[in-house]
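Quick note on labels: first sequence line is chain A, next is B, and so on, each numbered from 1.
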Number of protein chains: 2
Amino acid sequence: MAKELPACPVETTLMLISDRWKVLILRDLMEGTRRFGQLKKSIGTVSQKVLTANLREMEADGLLSRRVYPEVPPRVEYTLTETGYSLKPVLDAMTEWGTGYQSKHV
Amino acid sequence: MAKELPACPVETTLMLISDRWKVLILRDLMEGTRRFGQLKKSIGTVSQKVLTANLREMEADGLLSRRVYPEVPPRVEYTLTETGYSLKPVLDAMTEWGTGYQSKHV
DNA sequence: CGGTATCCCTGGGGATACTG
DNA sequence: CAGTATCCCCAGGGATACCG
């Protein structure tokens, strides 16, 4: 890691996944390996530049791995590392809470 | 709610707690009622304006309640609603994951 | 003490064009 | 297809001053 980790674990988690698209990337990759184009399409409104930037940071933080296939046209796949996948409880909790909130706020 | 909720529950949760300081506000209020000044001090670097803005949004979203005591000097206390407190599993998951990540990244 | 009211500024993010 | 490379923008956030 480049930056110092905060003492508070919540802040640590926050600093690693609080960028605009990271949680949605995690949501998608929890399902399994995805190609760049798949992620871009699934996330919706993100630009290529920013999606790439977020992915690179997550790779640097050890949350996912990037695999380039030497083909033409190129194929790049992203897969969660164990560390990344271990965020599943966080995502699950968000899913459950979000579902409940939706049901109360038609 | 003013805005439309996204179909994806994760996005719903995200849109409600992804502002810069909201998760830290939740972290503090999980411990119990807090005064404005206590929150400001505990969170650290946030400015008054932004802290107020975040708190007002969370109030509008039904995550916390604001109680003003008609005293001089004024006292304002913030308390989680049931809905807000029901985010505890999310915070707990973040705490646990952050702790683990810290231990691996000295 | 817990706010508004202003002004200012940064950088995360978007749009477009180009490339291996 | 999956990127860089540029340029641009604005909204979230900071600093300061003042108020009830």
Check: Leu29(A) and Tyr78(A) side chains under 4.5 Å, non-hydrogen atoms: yes
Any Leu80(B) side-chain heavy atom under 4.5 Å of Leu63(B) side chain: no
What integer distance in Å separates [X]:[atom1] from [N]:[atom2]?
X: Lys22(B); N: dG13(D); atom1: NZ; atom2: C1'; answer: 14 Å
X: Glu71(B); N: dC1(C); atom1: CD; atom2: P; answer: 13 Å
X: Met58(B); N: dG12(D); atom1: CE; atom2: P; answer: 16 Å
X: Glu57(B); N: dA11(D); atom1: CD; atom2: P; answer: 14 Å
X: Ile43(B); N: dG2(C); atom1: CD1; atom2: P; answer: 13 Å
X: Arg66(B); N: dG2(C); atom1: CZ; atom2: P; answer: 10 Å
X: Tyr69(B); N: dG3(C); atom1: OH; atom2: P; answer: 13 Å
X: Glu59(B); N: dG2(C); atom1: CD; atom2: P; answer: 15 Å

Which nucleotide in [options] has an atom nearest any side-chain atom of [X]:
X: Gln48(A); options: dA17(C), dG13(C), dC1(C); answer: dA17(C)
X: Phe36(A); options: dA2(D), dT4(C), dG13(D); answer: dA2(D)
X: Arg35(A); options: dG3(D), dG14(D), dA2(D); answer: dA2(D)
X: Ser47(A); options: dG14(C), dC1(C), dG3(C); answer: dG14(C)

Under 4.0 angstrom, heavy atoms only, what part of the nucleic acid is Tyr78(B) near: base, sugar-phosphate, or nothing? sugar-phosphate
For Trp21(A), the option from Thr45(A), Leu39(A), Leu55(A), Leu26(A) that meets side-chain contact (heavy atoms from CB on, under 4.5 Å): Thr45(A)
Considering only NZ, NE, NH1 and NH2 on the basic side and carboxylate oxygens on the acidic side, decide whether Glu77(A) and Arg66(A) come within less than 4.0 Å. no
If you assign each of Pro74(A) and Arg56(A) to its closest nucleotide in DNA chain D, which residue comes earlier from the 5' end? Pro74(A)
Judged by nearest nucleotide, the residue sitting upstream toward the 5' end of DNA chain D, Gly37(A) or Val50(B), is Gly37(A)
Measure distances between side-chain N and O atoms of Lys49(A) and base N and O atoms of dG3(D), and say whether any donor-acceptor pair falls under 3.5 Å. no
So does Glu59(A) have more than 12 non-hydrogen atoms from other groups sitting under 6.0 Å from CD? yes
Does dG14(C) have its OP1 or OP2 closer than 4.0 Å to a side-chain nitrogen or oxygen of Arg20(A)? no
Is the phosphate of dG13(C), meaning OP1 or OP2, less than 4.0 Å from a side-chain N or O of Asn54(A)? yes
For Val46(A) and for Pro73(A), find the nucleotide of DNA chain C with the closest heavy atom, then tell me which residue's nucleotide is more 5'. Val46(A)
